[in-house]
Amino acid sequence: MAFCSLIRTFAEIINKNDMNLNEKFVVTINRELGSGGRTIGEKLAARLGVPFYDKALITALKEKYGLSTEEIERLKGQQHNWWADFKRSLKLMPSYAAPQITSAATTLPDFLITDDLFVSETEILRGIADAESCVIAGRSGFYVLREHPNRLSILIQASRESRISRLVGKRGISREEAERIINEVDKGRENYVRKYTGTSRYDTRNYDLVINADGHTEEQVVELIMQYLKN
């Protein structure tokens, strides 16, 4: 099926999308490793002209600026929209620069996340969504921001074979190593989501839009999402 036909067919069967792009909005993207979901999130954010946040950036922010649960509570006590004030104060600092994303920030397994870290991440995500339109990948955004009044939650999946091939190509590893990593990450993410949300990341009822990325480029998937938003 041609991609344009896929969009038309999909548009005919989905419910009407109520997200308003003219007001403050948030798009949350949950994705399977190897589905291209993170890159799709980045490209979607660029198309929408809004910031993109994921696990690595949020972890780096916490580490560089000491955003512990206690510090966040202090900031919230001073100002309701603490995230917007926090970003403004950083930009006023002469030495301000975007936090460096270390390998630890990108590879810390979800099963090592503590309750305190989850609480601080939750408050950061809510602060971001309250302050600005954005695209957020992972971090149980579909659950944490489920009450946001102008939100779209997306799940991006791909076949196992496609996921393995993508990891082999991007990381230059063997098929066996790619399978091992996928199994480990899938298990860790599912345990993380079940522990902190009481649901499964694979439960499609948690999302407004579920996409199988097989056979489509990242740009095509972004275009599909944009068509959905416009409809």
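Every value quoted in this text rests on a predicted model; they were computed, and no experiment measured them.
- Under the 4.5 Å side-chain heavy-atom criterion for Ile, Leu, Val, Met, Phe, Trp and Tyr, Leu21 and Leu224 are members of the same hydrophobic cluster.
- Tyr196 places none of its side-chain heavy atoms less than 4.5 Å from the side chain of Ser140.
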**Request:** In sequence, state the C-alpha distance, the side-chain angles, and the governing distance for Phe52 and Arg38, and then conclude on side-chain contact (heavy atoms from CB on, under 4.5 Å).
**Result:** CA-CA 10 Å; Phe52 172 78; Arg38 185 185 184 281; 4.0 Å; yes
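- Inter-residue side-chain proximity for Ile40 and Glu218 is flagged as met; some heavy-atom pair is nearer than 4.5 Å.
- Relative to the six-membered ring of Tyr143, Arg146 meets both conditions, a distance below 6.0 Å and an angle of at most 45° to the axis.
- Counting only heavy atoms from C-beta outward, the side chains of Val50 and Val27 never approach each other to under 4.5 Å.
- Considering all non-hydrogen atoms of both residues, Glu190 and Arg194 come closest at OE2-NE, 2.7 Å.
- The closest donor-acceptor contact from the side chain of Arg166 to the backbone of Ser35 lies at 3.5 Å or more, if one exists at all.
- Here the CG-CG distance, from Leu44 to Leu229, works out to 7.0 Å after rounding to the nearest 0.5 Å.
- Going from atom CD of Glu161 over to atom CG of Asp214 covers 10.0 Å, rounded to the nearest 0.5 Å.
- Shown here for Ala45 and Pro51, the closest heavy-atom pair between the two residues is CB-O, 4.0 Å.
- Between Ile181 and Arg171, the closest side-chain pair of non-hydrogen atoms falls below 4.5 Å.
- By the 4.0 Å N-to-carboxylate-O rule, Glu177 lies close enough to Arg180 to be salt-bridged with it.
- Nearest heavy atoms, Phe25 versus Met19: CD1-CE, 3.8 Å.
- Within the model, atoms CZ of Arg163 and CD of Glu32 stand 4.0 Å from one another, a figure rounded to the nearest 0.5 Å.
- Separation of atoms CZ (Arg151) and CG (Leu145) is listed at 8.0 Å; rounding is to 0.5 Å.
- We find that Arg47 and Glu223 are joined by a salt bridge, their nearest charged nitrogen and carboxylate oxygen being less than 4.0 Å apart.
- In this structure, CD1 on Ile156 lies 4.5 Å from CD1 on Ile29, to the nearest 0.5 angstrom.
- Nearest heavy-atom pair, Tyr207 versus Arg201, reported as atom, atom and distance to 0.1 Å: OH-O, 2.6 Å.
- Between Glu23 and Ser133, the closest heavy-atom pair is O-OG, 3.8 Å.
- Lys24 places a side-chain N or O within 3.5 Å of a backbone atom of Asp130 that can act as its donor or acceptor partner.
- Under a 4.0 Å N-O distance rule, the pair Asp54/Arg31 does not qualify as a salt bridge.
- Residue Cys134 comes nearest to Ile128 through the heavy atom pair SG-CG2, 3.6 Å, listed as atom of the first residue, atom of the second, then distance.
- Hydrophobic cluster membership differs between Phe142 and Tyr202, with clusters built from Ile, Leu, Val, Met, Phe, Trp and Tyr side chains linked at under 4.5 angstrom.
- Taking CD1 from Ile225 and CD1 from Ile154, the interatomic distance works out to 4.0 Å, rounded to the nearest 0.5 Å.
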